[in-house]
Amino acid sequence: MTKWIYIEDIASYEDQDVEIRGWLYNKRSCGKIRFLLVRDGTGIIQATLFTPEKEGLLFQKYDQLTQESSLIVRGKVKKDNRAPGGYELEVQNLDIIQIAQDYPITPKEHSTSFLMEHRHLWLRSQKQNAILQIRATLINAIRNFFDDRGFRLMDTPILTPSACEGTTTLFETQYFDQKAYLSQSGQLYNEATAMAFGKVYCFGPTFRAERSKTRRHLIEFWMVEPEIAYAVLEDIIELSEDLLLFIIERVLEKRKNELDILERDTAPLEKIRKPFPRVKYDEAVKRIKEKGLDIKWGEDFGAPHETCLSDIFDSPVCVTHFPAKIKAFYMQPDEKKPEVVLGLDVLASEGYGELIGGGQRIHDPNLIQQKIKEHNLPREAYEWYIDLRKYGSVPHSGFGLGIERTLAWLCKISHIRQTIPFPRLLYKIYP
RNA sequence: UCCUCGGUAGCUCAAUCGGCAGAGCGGGUGGCUGUUAACCACUAGGUUGUAGGUUCGAGUCCUACCCGAGGAGCCA
């Protein structure tokens, strides 16, 4: 029996007979030599066919093969500089599993809408494969980061009885005879688990029913949210720096090949060091105005403002101390300047916008009740949340990191829809 | 939701002033002993998004609708 191996491990099998199970990526011929490009999900290898006479069995099989036909090839692994990837397989034996008829994605350019309609097949293409390999590494790095630092994983519910921050952007669904909503953040629940476990994180999908249609938005996206009891703003600024540096380092180390496939220039990522530049909202507004953009104190940043800020610094930037009225009800006011809150946004470099949003939460029981009232939130839905301030309340802080935006930034790809296997976009839920 | 642009062969696009519907890729057939999105020759392939209208004549002009792309607001 020939050993079944994966293409990513091919280098350890030089001059040995192996079996590869995969699909035909492309084929070429030149006289009495034929080339198959076989992919198996972990890579692509060139397989060569030689036959003295053209009517040979291998050539008959070659002629039948079409793009994305499934096949098993057996042969000897050879080092050869002429082969893409440096290794090729001298085929002795070829089994056709199924002939694919008229595979729609040809080795030519296609429009985005066509590729999105065929997302289930587009995943097989080399660049999409590279992006999602990096996604898996990114998620693994994030989990390792928190697990190794003693954070407890706490899964927060996806079906929730009320809004986290407001009610306009939630997907409503039926929960037997009452209404329920798809979670847009695990944060409020994490404030409860942090009081039970000290430091926690949740990792899961979140849903926003906003009618936004930009390269930075998904309707369904994944977010990791750490929350730490007794932590203040400064603590989570440092945590966010350490997290981003760790994932950059890990992705550069493990996914060099995939970043090459994506033609990602990694120099800007390699240059990133801590501490990141820190600006308070007041100063950020001043810097944006100096660059000639229009913004007034009290306004939230738009996409051009975020791009402007990240262009000024050659690194991710921590923006803090925002006006209270543009931030969520639970944000802790600054003691020295109560009209601003101890919020944190980390903006990516290279114009990729907000990666992280978070801050220090209100721990005073009277203040939290006052804010709930001011924001016209239904008090009965927040009784449990108010309890957290009644029974051993402490200062606490946390943030959320968007997985897809982080991945888009790491890969430097233009649109977030390529960073998740099956993106949910405005009005688009197929496939 | 608003603004801008687009819809022609399976795919990506061209078609001058309103005047014969075209090419590359992919498919099929044949050729080539090291190809790199291989190449060369031949070949099949069309209700021009839908519905109206103007005109001797509409892919092209007008109206409505449908679908898509890019951007804005909001956000991670």
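Bear in mind the structure is a predicted one, so any value in this text is a computation, not a measurement. A note on names: the letters A, B, ... follow the listed sequences, proteins ahead of strands, and every chain is numbered from 1.
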Is His110(A) side chain donor-acceptor paired with the C11(B) base, going by distance under 3.5 Å alone? no
Considering only side-chain heavy atoms of Arg405(A), which listed nucleotide, C75(B), U12(B), U1(B), is closest? C75(B)
Under 3.5 Å side-chain donor-acceptor pair for Glu227(A) and Gln187(A): no
Quantified in whole Å, what is the P atom distance between nucleotide G22(B) and nucleotide G6(B)? 24 Å
Nearest-Å distance for atom pair CZ/C1', residues Phe114(A) and G26(B): 10 Å
Taking the six-membered ring for Trp, are Tyr189(A) and Trp384(A) closer than 6.0 Å centroid to centroid? yes
Consider the side chain of Glu306(A), meaning its heavy atoms from C-beta on, and name the nucleotide among G73(B), C75(B), U33(B) that approaches it most closely. C75(B)
Using atom CG of Leu65(A) as one end and atom P of U35(B) as the other, report the distance to the nearest whole Å. 21 Å
Does Ser111(A) get its side chain close enough to the base of C11(B), under 3.5 Å, for a donor-acceptor pair? no
Look at the side chain of Glu88(A) against the base of G34(B) and say whether a donor-acceptor pair falls under 3.5 Å; ignore hydrogens and angles. yes
Taking the P atom of each, how far is U55(B) from U50(B), in whole Å? 23 Å
Which is more 5' along RNA chain B, the nucleotide nearest Pro104(A) or the one nearest Asp80(A)? Just name the residue. Pro104(A)
Select one nucleotide: of A37(B), C75(B), G26(B), the one nearest the side-chain heavy atoms of Thr106(A). G26(B)
Among A76(B), G34(B), U1(B), which nucleotide has an atom closest to any side-chain atom of Tyr427(A)? U1(B)
Would you call Lys76(A)-Asp15(A) a salt bridge at under 4.0 Å N-O? no
Considering every strand shown, what is the Watson-Crick or G-U wobble mate of C20(B) when both distances are under 3.5 Å? none
Using whole Å, report how far CD of Glu354(A) lies from P of C74(B). 12 Å
In Watson-Crick or G-U wobble terms, with both distances under 3.5 Å, the base opposite U1(B) is A72(B)
What integer distance in Å separates Leu401(A):CG from C75(B):P? 18 Å
Just the rounded figure in Å: distance from C1' of A72(B) to CG of Leu293(A). 14 Å
For residues 410-417 of chain A, run the donor-acceptor check on the side chains, cut-off 3.5 Å, and write out each pair with its distance to 0.1 Å, sequence neighbours left out.
{"unit_1": "Lys412(A)", "atom_1": "NZ", "unit_2": "Glu350(A)", "atom_2": "OE1", "d": "3.1"}
{"unit_1": "His415(A)", "atom_1": "ND1", "unit_2": "Arg417(A)", "atom_2": "N", "d": "3.0"}

Please check the phosphate of A69(B) (OP1 and OP2 only) for any side-chain N or O of Thr112(A) closer than 4.0 Å. no
Any Tyr352(A) side-chain nitrogen or oxygen under 4.0 Å from OP1 or OP2 of C75(B): no
Starting at CG of Asn26(A) and ending at C1' of C39(B), how long is that distance when rounded to a whole Å? 13 Å
Go through the steps for Ser69(A) and Gln98(A) under the test side-chain hydrogen bond (donor to acceptor under 3.5 Å, both in side chains), then give the verdict. CA-CA 6 Å; Ser69(A) 288; Gln98(A) 194 235 357; over 6 Å; no
Run the ring-centre check on Tyr330(A) versus Tyr385(A) and record whether the distance is less than 6.0 Å. no
Whichever of Leu37(A) and Ile219(A) has the more 5' nearest nucleotide on RNA chain B, that residue is Leu37(A)
By nearest atom, which of the nucleotides A69(B), A76(B), G34(B) is closest to the Arg208(A) side chain? A76(B)
Indicate, with a heavy-atom threshold strictly under 4.0 Å, whether His415(A) touches base, sugar-phosphate, or nothing. sugar-phosphate
Could you please name the option among A69(B), U33(B), U35(B) that lies closest to any side-chain atom of Gln46(A)? U35(B)
Strand partner of U33(B), provided both Watson-Crick or wobble distances fall under 3.5 Å: none
Using a strict threshold of under 4.0 Å (side-chain N to carboxylate O), is an ion pair present between Glu90(A) and Arg34(A)? no
Given the C1' atoms of G18(B) and C13(B), what is the spacing between them in whole Å? 22 Å
Scan Gly302(A) against the nucleic acid and name what it touches under 4.0 Å (heavy atoms): base, sugar-phosphate only, or nothing. sugar-phosphate
Same-atom distance (P) from C61(B) to A15(B), integer angstrom: 12 Å
What nucleic acid atoms does Ser113(A) come within less than 4.0 Å of, heavy atoms only: base, sugar-phosphate, or nothing? sugar-phosphate
Only pairs with both distances under 3.5 Å count, Watson-Crick or wobble alike; so what is the partner of A15(B) in this structure? none
Do Phe35(A) and the base of G34(B) stack face to face, with centres under 5.5 Å apart and an angle between planes under 30°? no
Nearest-neighbour nucleotide for the Lys428(A) side chain, C75(B), U35(B), A69(B) considered: A69(B)
What about Arg216(A), does its side chain sit under 3.5 Å from the base of C74(B) through a donor-acceptor pair? no
Go through the structure and list residues passing side chain to side chain contact (heavy atoms under 4.5 Å, CB included) with Asp265(A), not counting sequence neighbours. Ala267(A), Pro268(A)
Which whole-number value in Å describes the distance from Lys27(A) NZ to A37(B) C1'? 15 Å
Say we look at A14(B) and A9(B): how far apart would their C1' atoms be, to the nearest angstrom? 13 Å
Which nucleotide, A76(B), U1(B), U33(B), lies nearest any side-chain atom of Ile33(A)? U33(B)
Just checking Ala83(A): base, sugar-phosphate only, or nothing, at a heavy-atom cut-off of under 4.0 Å? base
Which nucleotide, if any, forms a Watson-Crick or G-U wobble pair with G27(B), using both distances under 3.5 Å? U43(B)
Mind checking the P distance from U54(B) to G70(B)? Whole angstroms is fine. 38 Å
Donor-acceptor pair, distance only, cut-off 3.5 Å: does the side chain of Gln46(A) make one with the backbone of Arg82(A)? no
Take the protein atom CE of Met116(A) and the nucleotide atom P of G7(B), then report the distance between them rounded to whole Å. 21 Å
Syn within 90° of 0, anti beyond: C17(B) is syn
As a test of reading the structure: which of U33(B), A37(B), C74(B) is closest to the side chain of Glu210(A), going by heavy atoms? C74(B)
Partner of G6(B) under the Watson-Crick or G-U wobble criteria, both distances under 3.5 Å, comes out as C67(B)
If we take the P atom in both G26(B) and U48(B), what is their distance in whole Å? 27 Å
With P as the reference atom in both, quote the distance from G45(B) to C3(B) in angstrom, rounded to an integer. 44 Å
Name the closest nucleotide to the Ser29(A) side chain, picking from A76(B), G70(B), C32(B). C32(B)
